[in-house]
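I have placed the structure first, in the form of C-alpha cells, so that the comments after it can refer back to it.
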Amino acid sequence: MKIEMTGAQAVSYSMMQINPEVVSAFPITPQTDVIKEYAQYVKDGKVTSEFILTESEHSALSVLVGASSAGVRAMTTTSSAGLAYMFEILGIASGQRLPIVMNVVNRALSGPINIHCDHSDSMACRDSGWIQLYSENAQEAYDQTILGLKLAEKMNIPVMVMQDGFICSHCFQNMEVLKDTEVKKFVGTFKPEYSLFDFKKSVTFGPLELTDSYFETKKQLSLAMDEVPKEYNKISEEYYKLTKRKYAPVEDYKAKDADYVIVALNSVCGLVKDCVDELRIKGIKAGLLKIRMFRPFPYNAIIKPLANAKWITVLDRSESFGANAPVYSEILSTMKAKDKIVTSSIYGLGGREIMKEHIMEIFDDMIKPKGKNLRFINSK
Amino acid sequence: MMTIKDLVNAPERLVSGHRSCAGCGFPMIIRTILAAAKGPVIVSNATGCLEVTTTVYPFTSWNVPFIHSAFENASATMTGVTRAYKAMKKSGKIKDDVKFVVFGGDGGTYDIGLQSLSGALERKEDFVYVCYDNGAYMNTGIQRSSATPKGAYTTTTPAGKVEWRKDLAKIAIAHDIAYVATASPHNFMDLALKAEKAFNTKGPSVLIVLSPCPLGWGSKTDQSIQIAKLAVETNFWPLYEYDNGKYTLNYESEERKPLEKFLETQSRFKHLLSPESRNLLKDIQEEIDKKYDELKKLCKE
Ligand SMILES: Cc1ncc(C[n+]2csc(CCOP(=O)(O)OP(=O)(O)O)c2C)c(N)n1
C-alpha cells in the first residue's frame with residue numbers, strides 16, 4: 001500500500017503492526033512523534049501492548065530488560081540524551097542477549113544543548129554490543145524495524161534502527177507499507193529460549209560473572225556478531241519476496257566502477273545520489289557507498305564496491321574528538337591497506353545544513369584536487 | 001493468615017551455599033519473605049551484597065526465577081516483568097497467579113534507585129518492594145548512604161555522618177500506595193505476616209527491613225538478631241505499618257531502652273559514647289523520641 005508518512009510515523013506504524021507485548025518510552029525531541037502516534041494506537045485499540053511511560057529513559061530500557069527476560073517482545077524509541085541516559089543498560093541488554101528493538105531518531109548530544117540532527121548519540125553507542133542499522137528515509141526506517149526485529153530474535157542480539165531527526169522523522173515521504181497481516185506473518189511469534197516464567201526450571205538472569213566466565217560471555221557475543229551480516233542478508237531475501245525492496249548491509253550506488261566515491265549513512269545519502277547522477281551525466285565517474293549496517297561493520301561488503309575508487313571521501317555526522325571519526329575509521333582501516341586515498345569530512349553537527357554545493361565541492365576536490373581543507377564542511 | 005507452621009514448612013527459595021558473611025541479616029529476611037509468597041514468585045534484585053553473594057556464575061542460590069539488571073533499576077526491571085505477565089495473561093499464555101518481589105539495599109533504594117522506585121509506585125505497578133536496610137553501601141566497602149544513621153562511622157564518613165537518615169517510609173506513603181511497613185528479622189513472624197499482607201496487596205507495597213551487617217556495623221556475628229531486637233526496643237527502628245491510610249505500631253515498649261544499649265553493640269557508633277559526644281548523643285536521642293511520638297500520634301488518628 002502506498003502511503004505518505006513522516007519517518008516518525010513510519011516507525012510507529014511498523015511497531016503497531018508488530019504489536020509487541022511491551023512498549024516503554026520517555027519523551028525527547030525529535031523522538032516524541034513516534035510515541036505520540038503509538039499512544040494513539042493504544043487508545044484506538046489498534047495494539048494490545050502494555051504501553052509504559054516511565055520516569056526516565058534509563059527506566060524505559062530497564063523495563064524492556066525485564067520484559068524481554070520474561071519472554072515477550074519489547075520495543076522502545078529515543079534520541080540523544082535519552083540514548084546517553086540508557087548507556088549503562090545497553091550493555092546489559094546485549095550482554096544478556098535480549099532481542100530488544102529500539103528506534104533511534106538521531107539528535108546531537110549535549111552540550112551545548114541542541115535539538116537537531118547529528119549522529120553523536122548512536123555513534124557513541126557503537127561498541128555497546130547492539131546491531132546498528134541506519135536508514136536513509138522513512139521507507140528504510142520502516143523496513144529495517146521489521147527486518148531488525150526478526151534479526152534480533154534470530155541472533156539474540158538487540159537492534160537499534162536509526163533515522164535522522166527532523167530531516168527524516170518530521171518530513172512527509174512517499175512510501176509503501178505492508179498489510180498488518182503480512183507483517184505479523186513475517187515476524188511470526190516470538191519463542192524465547194529462556195523465560196522468567198519457567199517455574200519448572202528457574203533461571204537466574206544477570207548473574208555475577210567474574211574472571212572465569214565474563215570473557216567467554218563477551219566472546220560469544222562477538223562471534224555471534226560476525227554472523228549478523230549473513231543473517232541480515234537471509235532475512236532481507238525473504239523480505240524482498242514480500243516487498244520487492246532489496247536490503248543489504250551496504251548499498252552500492254554507482255560506486256563499483258566509480259573513480260570518486262563518497263561513503264555516508266542516513267539521510268544525506270539522498271543528496272549525494274542526486275550529485276552523483278549529475279556528475280555521471282557530465283561523464284564523471286562518481287559514486288556513493290551507503291552504509292546501512294554499522295554494527296557489526298560489514299567489512300567484506302565494502303571491498304568490492306570500493307575496489308576501483310581512486311579517492312574515497314567519508315562523510316561523518318559525528319566526531320571522535322582527537323581521533324578518526326567513526327565511519328571514516330572503519331573505511332580507512334580497510335581501504336588504506338588497498339592503497340586508496342581515503343579522506344574524512346565532518347558535516348552537519350547539531351543540524352548544520354548540508355547542501356548540494358557542499359557535496360559538489362567535495363567531489364570537485366577529489367576530481368581536481370586544489371588542496372582545500374575539507375575536514376569540516378560548511379563550518380565557520 | 002500465615003502461621004509459624006506454614007513458615008517452617010514453606011519451600012526453601014534461597015538455599016544455602018551463598019557467600020554472604022556470617023551474621024548477615026538478609027538471608028533470613030529473604031527466606032522469610034519468600035516463604036510468605038504462596039505459589040510461584042519471581043524476584044528482581046538491585047546490585048549489592050545480596051546479588052553478588054547469591055549469583056556467582058555458574059552457581060545460584062535462587063530456587064525461584066530471578067533477575068538482576070543494574071544497581072538503580074530493580075523497580076523498572078520488575079515493571080517490565082509484571083507488564084509482560086499482564087500481557088501474557090491477556091493473551092492466555094499464562095494461567096498461573098504469580099507474585100513479584102524486588103529486593104534492594106538501602107543504597108539501591110534510598111539513593112540511586114529512588115527515581116525508578118518512585119516511578120513504579122506512581123504508576124501503581126503490582127509488586128512488593130523490599131529494602132533490606134543495612135545503613136550503608138556495604139558491597140563496595142561500607143560507604144555512607146542516605147540511610148546511614150547520623151553519627152555512624154563509614155569509610156566515607158570517618159568522623160561520623162553529619163546528616164539525619166532519610167525517611168523512606170514517609171516517601172513511600174506519599175505516593176499514596178496501599179501498604180508500607182517496617183520490620184526487623186528478630187521478629188520473624190511479624191515480618192512474615194507483613195510480607196503476606198504485602199503480597200496480597202493490589203498494586204505496589206513497600207517493606208523496609210533492618211538488616212544487620214557485622215562487617216559494616218562492627219558488631220559480633222552471633223549478635224545480629226540481638227542487635228536488631230535492641231534497635232526496636234530503643235525505638236531506633238520502630239516497627240509499624242501503614243495499611244490503607246491506617247497507621248499501627250506493632251511493638252510498643254513499656255519503657256524504651258536507652259539508645260546507648262543499641263549503640264554500644266557496634267563499633268560504628270563507638271565515638272558517640274565518648275564524653276565529648278555527649279551533646280550529639282543527646283540530639284540523636286531527642287530526634288528518636290520525637291519521631292516516635294509523631295508515629296504514636298499518627299497511630300491514634
Ligand atoms: C551505577 C552504579 N554505580 C555504582 C555502582 C557500585 N556499587 C555496586 S553495589 C553498591 C552499593 C550497594 O549498596 P546497597 O544498595 O546499600 O546494598 P548493600 O551492598 O549494602 O547490600 C555500589 C555503590 C554500580 N554497580 N552501579
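Throughout, a chain's letter reflects where its sequence line sits, starting with A, and its residues are numbered from 1.
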Minimum-distance pair of heavy atoms, taken over all atoms of [X] and [Y]:
{"X": "B:T55", "Y": "A:P207", "answer": "O-CB, 3.3 Å"}
{"X": "B:A70", "Y": "A:I92", "answer": "CB-CD1, 3.7 Å"}
{"X": "B:N73", "Y": "A:S62", "answer": "ND2-OG, 2.8 Å"}
{"X": "A:L53", "Y": "B:R123", "answer": "O-CD, 3.8 Å"}
{"X": "B:Y57", "Y": "A:D212", "answer": "O-OD2, 4.4 Å"}
{"X": "A:S56", "Y": "B:Q115", "answer": "CB-NE2, 3.0 Å"}

Of the backbone (N, CA, C, O) and the side chain (C-beta and beyond), which part of [X] lies under 4.5 Å from a heavy atom of chain B, both, or neither?
{"X": "A:L196", "answer": "both"}
{"X": "A:L61", "answer": "neither"}
{"X": "A:F51", "answer": "backbone"}
{"X": "A:T54", "answer": "both"}
{"X": "A:V203", "answer": "backbone"}
{"X": "A:E88", "answer": "side chain"}

Heavy-atom distances under 4.5 Å only: say whether [X] touches chain A with side chain, backbone, both or neither.
{"X": "B:R83", "answer": "both"}
{"X": "B:V43", "answer": "neither"}
{"X": "B:Y85", "answer": "both"}
{"X": "B:V98", "answer": "side chain"}
{"X": "B:E122", "answer": "neither"}
{"X": "B:N45", "answer": "neither"}

Considering residues, nucleotides and ligands other than [X], do more than 12 of their heavy atoms fall under 6.0 Å from its [atom1]?
{"X": "A:K36", "atom1": "NZ", "result": "no"}
{"X": "A:K184", "atom1": "NZ", "result": "yes"}
{"X": "B:L215", "atom1": "CG", "result": "no"}
{"X": "A:K218", "atom1": "NZ", "result": "yes"}
{"X": "B:K89", "atom1": "NZ", "result": "yes"}

Answer yes or no: is there a donor N or O on one side and an acceptor on the other, between the side chain of [X] and the main chain of [Y], under 3.5 Å?
{"X": "B:H68", "Y": "A:G206", "value": "yes"}
{"X": "A:S59", "Y": "B:S116", "value": "no"}
{"X": "B:K86", "Y": "A:E50", "value": "no"}

Given the rule in the side chain to side chain contact (heavy atoms under 4.5 Å, CB included) test, do A:F199 and B:V64 qualify, once you have shown the distances and angles that lead to the verdict? CA-CA 7 Å; A:F199 296 105; B:V64 290; over 6 Å; no
Which distance, rounded to the nearest 0.5 Å, do you find between the [atom1] of [X] and the [atom2] of [Y]?
{"X": "B:I67", "Y": "A:S68", "atom1": "CD1", "atom2": "OG", "value": "9.0 Å"}
{"X": "A:I52", "Y": "B:T82", "atom1": "CD1", "atom2": "OG1", "value": "7.0 Å"}
{"X": "A:T204", "Y": "B:F66", "atom1": "OG1", "atom2": "CZ", "value": "6.0 Å"}
{"X": "A:L208", "Y": "B:T53", "atom1": "CG", "atom2": "OG1", "value": "9.5 Å"}

At a heavy-atom distance under 4.5 Å, which candidate from A:A60, A:A93, A:S213 has the highest pair count against chain B? A:S213
Between chain A and each of [options], count heavy-atom pairs under 4.5 Å; write down the option with the most.
{"options": "B:A76, B:S118, B:G119", "result": "B:A76"}
{"options": "B:T54, B:V41, B:I42", "result": "B:I42"}
{"options": "B:E72, B:M88, B:E51", "result": "B:E72"}

Taking it one step at a time, do A:E21 and B:K90 satisfy side chain to side chain contact (heavy atoms under 4.5 Å, CB included)? CA-CA 10 Å; A:E21 279 91 340; B:K90 256 191 292 195; over 6 Å; no
